[in-house]
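Everything on this sheet refers to the single structure shown next.
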Amino acid sequence: MEEHRKELHDVVELAALRLGTMVEDLLVAAELERGEAARRLEPVDLTRVVREAATDHGLLGREIEVTAPHAAVVVCDREYLRRILDNLVDNAFKYGRPPVRIEVAGEAEHVWLSVLDEGRGVPEVDREKVFDRFKRLDAMNGHGLGLGLSVVEGLVEAMGGTIRAEEAPGGGAAFRIRFPRPARTILGDAFAEALGPEAPTP
């Protein structure tokens, strides 16, 4: 029994994490159903939140490659942005295959957030169905309620963004989200200058 203690501990820990994720998804789904999501929209540095998420997942043994500019400010609810990132990263490691990458790229009025893996990907015919509530596709076998991507889509849309599933370059799944940038009058000159130029960094 002693020789299997660590293995059993890992199994219990993984089960607890999955249960916690399912409970959080149910709570957020209920908020979306009641129209209570995204009540705290404000300028948020997407790059900073992405790097924080990558660091946290790295502590769990999930190595994530990040490509992002120095800063990329979007209008969103920071708590829900992190929920989106965690769900997409969970999805990539559960159904895809490493390496998992997060990319941030800016445009004049929008910022793109992409989470990519090198797994089997999502067949083109299923790329809209994958966001249906309680939908689990044959290509995405695993544990869960089928709520994760539905919650992600609901939160993205509640914050004025859009999301789509694509094939990643070289194969695998790519989930791409477009967030609006804040108007400069909302952002404020001081905040914009503090962030500095949005030059890409590896």
Side-chain angles (χ1 to χ4, degrees), residues 14-15 17-38 44 46 49-50 52-54 56-57 60 62 64-66 74 76-105 110-180:
L14 180 58
L17 286 172
R18 286 173 174 165
L19 179 59
T21 298
M22 286 189 284
V23 170
E24 289 176 2
D25 283 345
L26 285 168
L27 291 174
V28 175
E31 288 187 348
L32 289 167
E33 191 74 24
R34 296 192 301 268
E36 296 178 358
V44 174
L46 176 58
V49 178
V50 164
E52 288 174 357
D56 291 345
H57 283 277
L60 300 174
R62 294 174 164 183
I64 299 172
E65 300 174 7
V66 175
V74 299
C76 70
D77 179 311
R78 194 184 195 284
E79 178 183 338
Y80 287 137
L81 173 59
R82 182 57 193 265
R83 178 80 249 157
I84 288 167
L85 279 165
D86 287 342
N87 275 18
L88 290 178
V89 169
D90 285 343
N91 189 78
F93 279 97
K94 189 185 299 182
Y95 304 116
R97 187 176 65 215
V100 172
R101 307 186 304 281
I102 302 179
E103 299 176 354
V104 178
H110 302 92
V111 175
W112 287 93
L113 167 67
S114 303
V115 178
L116 311 94
D117 65 66
E118 294 190 2
R120 296 172 58 186
V122 182
E124 187 172 358
V125 68
D126 293 326
R127 288 177 189 168
E128 292 186 11
K129 299 177 187 176
V130 78
F131 297 106
D132 291 348
R133 186 171 296 189
F134 302 117
K135 185 70 174 180
R136 301 253 319 273
L137 304 179
D138 290 341
M140 299 179 67
N141 294 320
H143 301 278
L145 297 174
L147 267 178
L149 291 178
S150 173
V151 164
V152 167
E153 182 185 48
L155 292 177
V156 168
E157 292 179 350
M159 295 187 289
T162 60
I163 183 171
R164 64 179 187 242
E166 298 179 351
E167 181 178 357
F175 290 91
R176 302 192 187 277
I177 302 172
R178 189 178 72 170
F179 285 111

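In what follows, every heavy atom counts, from backbone to side chain, and hydrogens, waters and symmetry copies are set aside.
Rounded to the nearest 0.5 Å, atoms CZ (R164) and CZ (R178) are 8.5 Å apart. Separating the OG atom in S114 from the CZ atom in F175 is a distance of 11.5 Å, to the nearest 0.5 Å.
Partner of I102 under the side chain to side chain contact (heavy atoms under 4.5 Å, CB included) criterion, out of L88, L116, L113: L113 alone. Partner L81 forms a side chain to side chain contact (heavy atoms under 4.5 Å, CB included) with one of I177, V156, V49, L155 and no other, that one being V49.
For the pair A168 and A173, the tightest heavy-atom approach, listed with the atom from each and the gap, is CB-O, 3.7 Å. Nearest heavy-atom pair, P180 versus G160, reported as atom, atom and distance to 0.1 Å: CD-O, 3.8 Å.
Taking 4.5 Å as the limit, some side-chain heavy atom of P98 sits within range of a side-chain heavy atom of F93. In this structure the side chain of P99 reaches within 4.5 angstrom of the side chain of E118, judged on heavy atoms. Counting only heavy atoms from C-beta outward, the side chains of V152 and E157 never approach each other to under 4.5 Å. Looking at K94 and N91, their side chains never come closer than 4.5 Å, going by heavy atoms from C-beta outward. Contact of the F131 side chain with the I163 side chain is registered, since non-hydrogen atoms from C-beta on lie closer than 4.5 Å. Annotation: side chain of L149 is not in contact with side chain of N87 (no heavy-atom distance under 4.5 Å). Between V89 and I64 there is a side-chain heavy-atom pair separated by less than 4.5 Å. Contact annotation: the side chain of M159 approaches that of D77 to within less than 4.5 Å [non-hydrogen atoms, C-beta and beyond].
R176 and E166 are joined by a salt bridge, as a carboxylate oxygen and a charged side-chain nitrogen come within less than 4.0 angstrom of each other. Under a 4.0 Å N-O distance rule, the pair E52/R78 qualifies as a salt bridge.
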**Message:** With side chain to side chain contact (heavy atoms under 4.5 Å, CB included) as the criterion, how do R97 and R120 come out once you've worked through the C-alpha distance, each side chain's angles and the decisive distance to 0.1 Å?
**Reply:** CA-CA 8 Å; R97 187 176 65 215; R120 296 172 58 186; over 6 Å; no
**Request:** Go through the steps to decide whether H57 and D90 satisfy the test side-chain hydrogen bond (donor to acceptor under 3.5 Å, both in side chains), and finish with yes or no.
**Result:** CA-CA 9 Å; H57 283 277; D90 285 343; 4.5 Å; no
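In this structure, R101 contributes its side chain and V66 its backbone to no donor-acceptor pair below 3.5 Å.
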